[in-house]
Amino acid sequence: MSETLLIRSRRMVVGDGVREAAAFVRDHRVEAIGDYDLRVDADRTVDLGDLPLLPGLVDSHVHVNEPGRTEWEGFATATRAALAGGVTTICDMPLNSSPVTTTVDALRAKIAAADGQCAVDVAFWGGAVPGNLSDMEGLLDAGVVGFKCFLIDSGIPEFPPLDRDGLRAAMKALAASGAPMAVHAEDPSQVTTPSSASYDAFVTSRPPVAERRAIETVISAAAFSGARAHIVHLSAAECAALISSAKAAGIALSAETCPHYLFFAAEEVPEGHTEFKCCPPIRYAVNREALWRALGDGAIDGVVSDHSPCPPSLKGLPDGDFRTAWGGISSLQLGLSAVWSVARRRGFSLADVSRWMSVFPASLAGLPSKGRIAVGCDADFVAFDPDASWTVRGADLLHKHSLTPYEGRTLTGRVTRVWLGGAEVTPDDPPRGRLLARGGGPLGG
Ligand SMILES: [Zn+2]
């Protein structure tokens with residue numbers, strides 16, 4: 001029996017609002033929620049006063065890259081960075097580890113690599129690639145939260161894209177499970193080779209229509225199969241209308257965007273700074289504002305990091321070439337502060353941010369005990385000072401590599417304390433994260 005905890009805050013994110021409340025925790029879960037002055041005998045009482053308390057974030061899009069590319073990122077570094085940033089659950093993508101997570105054996109290798117070194121809870125996506133239809137059921141039984149696939153070259157030869165028919169077949173195979181198919185939606189027929197090394201040429205080579213055509217393919221596969229589809233890292237805001245109308249037509253479809261698409265704009269990407277390269281690209285400011293509207297009206301459901309680091313040498317800095325640099329942005333530790341910095345300016349609340357960064361990703365990954373401060377849920381909490389201003393120094397981050405496009409940026413809002421399963425934790429503590437299966441049970445047990 002673990003010690004009981006009573007935690008009070010005058011600004012607790014509960015339900016869909018922020019209010020004065022107290023949460024009582026027993027055996028790692030929230031047992032009761034009451035008024036701020038709730039009287040219960042607890043082993044430990046924490047009174048945060050006006051400091052907001054949020055549900056721990058769930059980042060359903062993280063590339064940990066271990067085993068096989070542990071020099072890019074690893075479970076120890078990624079999960080410590082997550083904890084420092086208020087993320088208490090991550091879902092690891094099936095690439096760019098080696099092996100890629102497209103078989104049960106590969107999932108076992110990943111579980112073995114992660115076991116014992118995770119500072120936060122970790123769940124895993126499986127990969128859908130040509131030829132692994134027969135592996136999907138086993139991966140689902142073994143506990144993956146869903147599948148990820150590409151419709152365009154992933155950059156990793158052992159993780160090739162699905163074509164239209166392959167996508168339909170894979171979605172048919174998982175329809176009965178209710179697990180989602182998360183799709184990297186860019187249509188290769190609409191992508192060209194950049195005409196120069198510049199950022200503008202790179203953005204032009206991957207136009208919004210590439211996302212739009214691919215999302216149309218996904219929508220028709222979802223309609224055909226009845227499976228749940230999820231668009232990862234939506235960048236082209238014009239696709240919001242397409243997504244909304246598919247939802248209105250009853251298609252099981254959701255979409256995420258990422259902090260970098262909401263924070264940066266193409267106009268401000270300095271030439272040669274390939275730490276800003278990701279696919280699809282960060283687009284122009286007008287697109288960024290339209291993404292914010294799509295989040296506000298619910299066309300886009302969530303915000304997750306797509307943390308995808310690589311060794312800095314693969315970025316070709318200091319004079320990076322946007323044609324050849326490896327794509328991927330490193331921001332796992334920064335997502336909450338980055339999004340809050342720009343969300344509050346646009347009139348959004350901490351409850352909105354929690355809905356995008358905790359509630360939605362938990363539901364996408366089928367983790368019902370995560371993402372909310374609610375009776376029966378895991379006692380994963382984040383105390384967050386919404387007014388603290390601080391400047392990002394990559395060298396101070398706990399990611400494996402310090403390179404980040406947020407270098408030198410001043411952010412508003414800082415994580416001050418974190419609880420995982422009712423225990424207050426810091427990145428320096430012995431790792432106590434668990435490995436989770438879809439549904440929230442233990443993985444690989
Ligand atoms: Zn990704």
Side-chain angles (χ1 to χ4, degrees), residues 57-66 68-69 72-75 78 81-82 87 89-98 100-102 110 122-129 144-162 180-186 188 191 206 210-211 214-215 218 229-236 254-264 274-282 300-310 314-315 325-335 338 357 360-361 364-365 399-401 403-405:
L57 272 67
V58 178
D59 193 335
S60 55
H61 195 150
V62 178
H63 296 266
V64 177
N65 305 328
E66 184 175 359
R69 287 191 181 82
W72 293 24
E73 185 62 283
F75 285 103
V87 178
T89 304
I90 65 168
C91 304
D92 172 58
M93 279 293 169
L95 70 166
N96 306 311
S97 55
S98 182
V100 293
T101 322
T102 52
K110 202 161 243 191
V122 179
F124 299 91
W125 290 92
V129 294
V144 297
V145 298
F147 288 84
K148 162 82 175 288
C149 72
F150 280 70
L151 299 182
I152 193 169
D153 179 25
S154 74
I156 298 282
E158 65 270 32
F159 203 99
L162 296 176
M181 177 65 83
V183 186
H184 179 126
E186 287 184 286
V191 170
R206 302 185 91 109
E211 291 187 63
I215 291 170
V218 175
H230 176 69
I231 306 300
V232 295
H233 50 53
L234 182 78
S235 167
S254 55
E256 70 189 34
T257 189
C258 306
H260 38 273
Y261 301 125
L262 298 166
F263 191 96
F264 299 113
T274 43
E275 69 270 27
F276 286 86
K277 180 176 175 178
C278 59
C279 297
I282 294 166
I300 300 175
D301 303 272
V303 182
V304 292
S305 70
D306 191 13
H307 178 68
S308 188
C310 67
L314 294 182
K315 291 288 192 183
W326 184 264
I329 282 183
S330 206
S331 68
L332 178 54
Q333 191 173 336
L334 299 171
M357 305 188 82
F360 171 74
L364 174 71
H399 306 151
K400 178 153 280 179
H401 299 292
L403 187 69
T404 172

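Counting starts at 1 for both ligands and their atoms, following the listed order.
- Heavy-atom minimum distance, Ile282 versus Phe276: CD1-O, 3.8 Å.
- Side-chain contact check for Val122 versus Val64: every heavy-atom pair is 4.5 Å or farther apart.
- Taking Glu186 as the reference, Arg206 meet the salt bridge (Lys or Arg N to Asp or Glu O under 4.0 Å) condition, with sequence neighbours excluded.
- For the ring-ring contact (aromatic ring centres under 6.0 Å, His included) with His184, the qualifying choice from His63, His61, His233 is His233, the only one to do so.
- Partners of Glu275 under the salt bridge (Lys or Arg N to Asp or Glu O under 4.0 Å) rule, at least two apart in sequence or in another chain, do not exist in this structure.
- Protein atoms that are N, O or S and lie under 2.8 Å from the Zn ion (ligand 1) are these: His61 NE2, His63 NE2, Asp306 OD1.
- Listed by chain and number, the residues in a side chain to side chain donor-acceptor pair (under 3.5 Å) with Ser254 are His230 (sequence neighbours excluded).
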